[in-house]
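As the structure lists them, so they are numbered: ligands from 1, and atoms in each ligand from 1.
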Amino acid sequence: MNKEAIILEESTLDPGNWEAMKELGHRMLDDMFAYLQSVRGRPAWKKPSAYAVSSLQAPLPQLPQEPSEVYEDFFTQVLPYNTNNIHPRFWAWVQGGGTPFGMLADMLASGMNANVSIGDHIPMQVEKQVIEWSKEMMGFPSTAGGLLVGGCSLANITALIVARNHFHQSVRQKGLRAVPAQMIVYGSAETHNCVVKGVEVIGLGSENFRKVPVNDDYRIDIDELQRMIDEDRAAGHLPFCIIGNAGTVNTGAIDPLESLAAIAKKEKCWFHVDGAFGAIPRILPEFNDRLKGIELADSLGFDFHKWLYVNYEVACVLIRDASIHREAFATSVNYLLGHERGLSGGPDPFNNYGMELSRGFKALKVWMSLKEHGIQKYRQMVRQNLRQTQYLAGLVELDPELELMADVPLNIVCFRFNPGNFDDETLNRINKEVLMRLQEEGIAAPSYTLLHGKYVIRVANTNHRSRLEDFDVLTAETVRIGREVAGEIL
Ligand SMILES: *Cc1c(COP(=O)(O)O)cnc(C)c1O
């Protein structure tokens with residue numbers, strides 16, 4: 001081995017010119033601040049240009065490119081065609097808008113490059129702190145277990161894995177064949193699709209998720225749930241888990257969580273609450289009654305990146321009994337054993353509480369954001385969104401050409417353009433066209449859903465940049481475009 005020759009070849013991925021990289025970094029920061037500050041003046045959505053799309057179908061780069069040139073590619077081909085949930089009139093699906101301070105926190109986390117999995121280092125403690133705060137917000141006991149994950153989909157799936165592994169102690173070793181009969185999960189027909197995926201992931205199959213019918217208010221029909229459980233028991237099946245929705249994705253309906261908790265207790269079922277966004281108003285005293293029962297759940301999933309406005313991506317799963325949580329995932333392999341001292345000392349590794357081993361430092365942006373604003377400010381913002389939502393519902397109801405399509409129990413408004421002289425099928429076509437034009441013209445970006453076969457324009461307001469005037473724009477423009485489209489159809 002020729003040491004000299006190896007030294008001559010030695011290299012690193014750090015910049016050759018730190019000064020130039022620093023200067024570029026400062027320019028990026030300036031550009032991003034300018035971008036965020038000026039967001040209101042840009043369209044709510046813009047279709048990616050053909051040029052931008054084709055620039056992303058290039059072959060694998062073989063040779064180096066100057067960082068400033070790479071940044072130029074980002075600035076011209078990527079940044080202009082953002083999802084754009086940062087825009088004040090973005091209300092599609094359920095997406096939060098992030099914050100400038102959250103952006104900075106992500107930069108710090110990435111600079112540290114912390115792997116928040118195992119070891120004695122402070123990022124582990126930051127995540128534990130965020131989990132403690134999460135329990136406090138959601139009324140979970142301080143003895144509960146928890147974990148930050150990428151989104152509520154994963155939070156729900158993690159909870160389902162814990163529920164399954166707890167239901168039958170040999171599932172981890174022997175698989176589902178150890179269970180003598182078919183395990184069944186129950187949730188309303190309005191339950192988010194990711195829960196059904198979770199039922200598939202834990203090996204039960206989606207046919208063993210019982211979609212319990214809902215009432216007119218889209219809340220689960222409790223009597224029907226009880227009937228289905230009885231029926232399954234009579235058939236020799238094993239009811240094992242009940243899902244409660246704190247805010248359904250379609251309309252924001254909140255299931256009667258306390259009643260569900262009581263049924264789960266009586267039936268010895270696990271009770272999981274999907275509170276992706278709808279659990280957040282639990283920080284408001286005026287929601288004590290409506291969200292009562294969350295604190296009784298065996299597990300809860302909720303997002304920080306939706307209604308707590310933290311930058312993508314971060315969610316939390318809480319498990320009432322930390323030891324049950326640990327039993328579902330803990331392993332003891334030689335290369336991950338804890339030590340009394342040194343780097344391998346420190347808190348219980350997070351990989352004992354979930355599927356991931358390597359994990360990023362997503363706790364930092366949550367920790368920094370909650371400290372930046374304090375929970376009082378979040379209360380104010382969530383209330384603001386709720387008031388705006390009621391205002392929008394009021395605008396819809398006042399307008400003879402608009403129709404409110406569902407109750408508005410939370411922050412979601414479903415409505416349609418309906419001048420009164422079309423059948424449902426035509427209205428479906430008109431409203432789909434209206435929505436596409438609202439987006440293409442850059443006016444606003446709501447999304448849609450079908451309620452009883454009727455196409456509705458759907459606004460989910462988790463937007464801390466929206467103002468009342470934005471909802472005036474939405475309704476006025478919906479009517480203008482609606483008339484335009486209806487005129488073309490006639
Ligand atoms: C968004 C949502 C989910 C999924 O959460 P992600 O963070 O997108 O993974 C689950 N349930 C409900 C009710 C949701 O609104």
Side-chain angles (χ1 to χ4, degrees), residues 83 85 90-98 102 134 138 146-161 185 187-201 206 209 211-212 214 217-220 241-255 257 260 271-282 290-291 293-294 297 299-318 354-356 359-360 362-363 365-366 382 385 389 406 408-414 446-449 451 458-463:
T83 317
N85 55 31
F90 186 102
W91 302 298
W93 304 295
V94 188
Q95 297 200 5
S134 300
M138 293 301 155
L147 187 73
L148 297 187
V149 291
C152 199
S153 304
L154 225 61
N156 291 336
I157 290 172
T158 304
L160 281 169
I161 294 172
V185 181
S188 91
E190 293 290 301
T191 302
H192 196 280
N193 180 254
C194 67
V195 172
V196 183
K197 273 197 201 172
V199 173
E200 294 171 1
V201 166
S206 52
F209 176 75
K211 290 190 175 175
V212 184
V214 292
D217 54 7
Y218 295 99
R219 284 153 40 107
I220 192 168
C241 177
I242 296 172
I243 308 291
N245 290 292
T248 59
V249 66
N250 270 335
T251 67
I254 301 172
D255 284 336
L257 302 174
L260 290 180
F271 180 40
H272 173 73
V273 173
D274 177 2
F277 60 98
I280 302 307
R282 197 179 178 289
R290 272 167 285 179
L291 287 171
I294 276 197
S299 55
L300 166 71
F302 71 92
D303 275 312
F304 281 104
H305 57 212
K306 286 179 176 172
W307 215 355
L308 286 170
Y309 320 102
V310 178
N311 305 54
Y312 281 92
E313 55 194 32
V314 58
C316 181
V317 58
L318 295 177
M355 286 308 298
E356 292 175 304
R359 305 167 66 248
K362 37 183 172 285
K365 59 195 166 192
V366 182
V382 171
N385 286 148
T389 311
V408 183
L410 217 49
N411 59 338
I412 295 181
V413 179
C414 294
S447 59
Y448 58 90
T449 191
L451 295 178
R458 176 179 160 287
V459 167
N461 184 20
T462 48
N463 194 322

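The contact set between ligand 1 and Phe277, taken as ligand atoms under 4.0 Å from a residue heavy atom, comprises 15 (O). The atoms of ligand 1 that sit less than 4.0 Å from any heavy atom of Asp303 are 5 (O), 6 (P), 7 (O).
Looking only at protein heavy atoms, the nearest one to atom 6 (P) of ligand 1 is Cys152 N, 3.4 Å. At the shortest separation from atom 11 (N) of ligand 1 among protein heavy atoms lies Asp274 OD2, 2.7 Å. The protein non-hydrogen atom at the shortest distance from atom 4 (C) of ligand 1 is Ser153 OG, 3.4 Å. Scanning all protein heavy atoms for the shortest distance to atom 3 (C) of ligand 1 gives Lys306 NZ, 3.3 Å.
Heavy atoms of Trp93 found under 4.0 angstrom from ligand 1: none, in either backbone or side chain. Contacts with ligand 1 closer than 4.0 Å are made by side-chain heavy atoms of Ala276 only, the backbone lying farther away. At a 4.0 Å heavy-atom cut-off, ligand 1 touches Cys194 through the side chain alone.
The shortest separation from a heavy atom of Glu313 to ligand 1 is not under 4.0 Å, leaving the residue out of contact.
The shortest side-chain heavy-atom distance between Phe90 and Thr83 falls under the 4.5 Å cut-off. You'll find the side chain of Gln95 reaches within 4.5 Å of the side chain of Tyr312, heavy atoms only. Taking the side chain as every heavy atom from C-beta outward, Arg219 and Asp255 approach each other to under 4.5 Å. Between Ile280 and Met138, the closest side-chain pair of non-hydrogen atoms falls below 4.5 Å. Residues Asn385 and Tyr309 meet the side-chain proximity criterion, which asks for heavy atoms closer than 4.5 Å.
For the residue pair Thr389 and Asn411, no side-chain donor N or O sits within less than 3.5 Å of a side-chain acceptor on the partner.
Here the NE2 atom belonging to His272 is positioned 3.5 Å from the CG atom belonging to Asn156, to the nearest 0.5 angstrom.
The shortest N or O to N or O distance between Gly151 and ligand 1 is not under 3.5 Å.
The main-chain N or O of Pro446 is never found under 3.5 Å from a side-chain atom of Arg458 such that the two would form a donor-acceptor pair.
Closest heavy-atom approach to atom 13 (C) of ligand 1 among the candidates Gly301, Gly247, Ala279: Gly247.
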